There are 2 protein chains.
Amino acid sequence: MATTQPAAVDRPPTIHDIAALCGVAASTVSRALSTPDRVNIRTRQRIEAAAAQLNYIPNSQAKALSSGRTGAVGVLVPDITNPFYFDLIRGTQLQLKAAGYTQLLVDTEESDEVEASTMEQLRKSADGIVVAASRLSDDALLAAAAKMPMVTVNRDVPGVPAVLIDTPSATSQALDHLVSLGHKRIAYIAGPATSQSSTRRWTALSEAAKERGVEVRRLGPFAPKTQSGAAAADAAVHSGVTACIAFNDLIAIGMLQRLRERGIRVPQDMSIVGCDDIFGADFCNPPLTTMASPIEQAGRVAVSMLLAQLNPLAGGGTRSRSVMPTHLTVRGSTGPAPTPAAPGLGTQ
Amino acid sequence: MATTQPAAVDRPPTIHDIAALCGVAASTVSRALSTPDRVNIRTRQRIEAAAAQLNYIPNSQAKALSSGRTGAVGVLVPDITNPFYFDLIRGTQLQLKAAGYTQLLVDTEESDEVEASTMEQLRKSADGIVVAASRLSDDALLAAAAKMPMVTVNRDVPGVPAVLIDTPSATSQALDHLVSLGHKRIAYIAGPATSQSSTRRWTALSEAAKERGVEVRRLGPFAPKTQSGAAAADAAVHSGVTACIAFNDLIAIGMLQRLRERGIRVPQDMSIVGCDDIFGADFCNPPLTTMASPIEQAGRVAVSMLLAQLNPLAGGGTRSRSVMPTHLTVRGSTGPAPTPAAPGLGTQ
DNA sequence: TCTGGTATGACAACCGGTTGCCAAACTTTG
DNA sequence: CAAAGTTTGGCAACCGGTTGTCATACCAGA
């Protein structure tokens with residue numbers, strides 16, 4: 001009769017069961033488990049043994065309620081089915097799990113309203129949030145960040161910690177690549193009007209174009225989906241450019257499909273550059289030249305920054321801004337500019 | 001001085017704030033909000049007005065603690081980055097949100113241990129779980145289902161409610177398609193050994209093959225990733241078959257890439273059929289013939305079944321099994337069998 | 001041996017709701 | 001008009017932990 005087996009009731013064990021088993025107070029059990037130094041090592045070991053024996057699992061709800069911390073982090077993405085976010089999500093998930101946090105993933109459906117209401121909701125049930133490609137205004141985002149710890153991804157608002165993917169500089173690399181292939185008339189296929197990264201990229205691109213003395217025009221905006229690629233392709237053909245830099249790979253892949261349908265050869269008649277190097281960019285037809293960056297790592301960094309904000313323990317200042325490098329991955333969708341006499345472009 | 005503004009403290013409002021504002025007890029507020037019939041309509045309206053004025057949001061942690069229900073549902077997938085799950089996740093997310101539930105998405109990393117520990121963890125923080133393509137044994141799954149409401153996807157265990165995707169019948173359609181194209185020697189590229197759907201599909205396929213008098217051999221197992229496609233392609237070529245039915249599109253796409261590298265033409269030298277019709281299947285090179293099914297709908301159905309289980313209110317018996325239809329989508333990766341004299345296959 | 005300091009563990013309040021029970025108030029009925 | 005029934009709302013316990021406060025016990029130093 002060494003152990004006073006509490007009849008193994010169906011209900012999962014609580015600290016009170018452990019306390020009863022060890023003959024100590026529940027608070028002592030709580031301390032033994034969360035503030036080990038605060039308790040005699042022998043008592044602690046007894047408690048730990050009892051906890052193991054009962055297969056004790058702390059109730060996160062109760063812990064959250066009393067301590068104020070939920071152990072959960074919200075991750076908001078505009079569209080779960082966009083492959084770009086897969087790697088990001090995987091990165092956040094890995095890093096969160098490693099730190100013992102739970103990930104609350106929400107698809108905000110590209111809607112600022114859903115995004116705002118989700119944040120309000122999460123304010124109680126999460127310790128912080130990672131917001132990818134927010135559709136909110138700067139002010140709204142700043143206000144939300146004041147209410148709960150937040151890290152944005154691909155959204156630069158002063159005062160809000162952010163992980164930025166350096167697509168503007170990659171865009172310049174893409175331009176150089178196209179220029180070196182002889183392209184003179186180039187289009188930027190813009191993303192959603194509310195996308196800040198599209199705007200930033202266009203700014204960088206038009207400046208770089210000016211320096212290099214080539215003409216870059218902006219087409220769009222287009223929704224970041226493959227379906228939008230058809231309209232983008234038609235617009236590009238109509239505008240008489242010989243190369244396009246697309247907002248993202250989804251649009252670029254959609255363009256490839258449309259151009260193929262129309263009998264316009266890529267890259268002979270038209271070169272296409274995508275962005276993000278998503279799943280599929282390497283096996284579409286032709287394989288897509290695109291701007292790649294370590295997205296999974298971006299997710300991990302975002303979480304690290306958030307957790308540093310949540311647990312401002314030792315260590316120096318919290319980074320409030322992190323820029324992920326980007327590079328151009330050249331594949332089959334870009335090639336030499338067609339010679340002026342070349343047939344095929346529907347322009348006059 | 002109509003309202004006694006409680007100085008708008010920083011802390012978010014609780015039912016006690018509302019109670020004070022209305023001059024009633026906290027319990028009355030609780031009832032007014034959750035059991036409206038239990039409270040006088042005038043009182044209720046006053047409370048509702050006060051709640052709106054204070055912008056009250058109930059604390060889900062506290063609610064969960066006292067009521068025992070968390071309002072959250074766990075969704076377990078083996079690999080978030082597998083595009084197959086995107087649509088599933090989106091389906092569950094939509095249906096859950098519509099019902100006012102929160103989705104807890106977890107990537108179990110194709111590991112039965114992670115899966116089991118996640119379930120244990122979720123037992124406290126979720127009301128139920130949806131488990132896609134479980135890697136657990138039947139017994140373990142059954143035991144877990146006894147402890148918390150569960151619906152599986154693509155996993156058939158007696159006693160556990162499930163949404164099944166009818167790939168076995170689609171596999172027969174695929175076989176018919178290949179047979180009608182003249183293929184006689186066909187390979188099934190198997191998925192992970194622990195995948196029940198791979199096993200079920202193989203069973204259906206070998207039976208159908210017997211009926212039709214064609215030879216189908218099994219190759220594998222292979223991990224469900226594009227990288228595995230190379231080995232699968234090599235094995236298929238070596239085995240001398242003229243057509244392959246792959247466990248899923250990831251493997252199939254990987255095979256397409258490898259065959260291209262090796263100069264083996266698809267579909268002239270080898271036909272390939274995938275499964276799932278994932279993102280990318282339509283734009284790979286050549287576009288993939290594949291078995292398609294309404295995955296998003298599968299996610300919705302799974303959630304509906306789970307919620308019916310959680311709230312066994314009115315309405316007839318809870319469905320415990322739902323089969324999603326599947327059909328073959330023919331694209332460019334399948335074609336007539338090569339004539340016996342045709343060159344190209346590295347077999348003797 | 002007495003005093004001050006530290007280690008240890010118990011008590012109880014608290015987090016923000018839910019819910020069983022009961023009493024007051026109101027309504028209906030004989 | 002009184003008795004019985006029905007609303008309505010308050011009290012308090014409870015969910016499962018956390019944490020501030022305090023008493024006891026143990027230790028070393030004087």
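Being a predicted model, the structure only gives us computed values, none of them experimental.
- Look at CG on Leu65(B): it is 14 Å from P on dC15(C), rounded to the nearest Å.
- Taking only side-chain atoms of Val24(B), from C-beta outward, the nucleotide of dT19(D), dC15(C), dG10(D) with the closest atom is dG10(D).
- Look at CD on Gln61(A): it is 14 Å from P on dG17(C), rounded to the nearest Å.
- Of the candidates Arg300(B), Gln297(B), Met324(B), Met324(B) is the only one forming a side-chain contact (heavy atoms from CB on, under 4.5 Å) with Val163(B).
- With distances taken from any side-chain atom of Ser27(B) to the nucleotides dG9(C), dG10(D), dG16(D), the minimum falls on dG10(D).
- The nucleotide whose nearest atom lies closest to any side-chain atom of His16(B) is, among dG16(C), dA10(C), dG10(D), dG16(C).
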Steps toward side-chain hydrogen bond (donor to acceptor under 3.5 Å, both in side chains) verdict (Thr92(A), Gln103(A)): CA-CA 8 Å; Thr92(A) 54; Gln103(A) 165 164 302; 2.8 Å; yes
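- As rounded to whole Å, 15 Å separates atom C1' of dT19(C) from atom CG of Leu33(B).
- Counting to the nearest Å, the C1' atom of dG17(D) and the CG atom of Asn59(B) are 14 Å from each other.
- The nearest whole Å value for the distance from the CZ atom in Arg42(A) to the P atom in dT8(C) is 10 Å.
- When each of Gly23(B) and Ala62(A) is assigned the nucleotide of DNA chain D bearing its nearest heavy atom, the one mapping closer to the 5' terminus is Gly23(B).
- Side-chain atoms of Gln61(B) and Thr70(A) form no donor-acceptor pair, as typed in the model, at a separation below 3.5 Å.
- When distances run from any side-chain atom of Thr28(B) to the nucleotides dG9(D), dT18(D), dG17(C), the shortest one goes to dG9(D).
- Salt-bridge annotation for Asp107(B) and Lys97(A): absent, with no side-chain N of the basic residue lying under 4.0 Å from a carboxylate O of the acidic one.
- Residue contacts shown for Thr43(A) are limited to sugar-phosphate atoms, with no base heavy atom under 4.0 Å away.
- Base contact: Ser30(B) has a heavy atom under 4.0 Å from a base atom.
- In terms of polar N and O atoms assigned as donor or acceptor, the side chain of Arg31(B) comes within less than 3.5 Å of the base of dG10(D) in a complementary pairing.
- When rounded to the nearest whole Å, the span between CD1 of Ile15(A) and P of dC11(C) equals 14 Å.
- Between Asn40(A) and dT8(C) there is a side-chain N or O to OP1 or OP2 distance below 4.0 Å.
- Note: OH (Tyr56(A)) to P (dG16(D)) measures 10 Å, nearest angstrom.
- As a whole-Å value, the separation of Lys63(A) NZ from dG17(D) C1' is 8 Å.
- Of all nucleotides listed (dG17(D), dG10(D), dT8(C)), dG10(D) comes nearest to the side chain of Arg38(B).
- The closest donor-acceptor contact from the side chain of Arg155(B) to the backbone of Leu136(B) lies under 3.5 Å.
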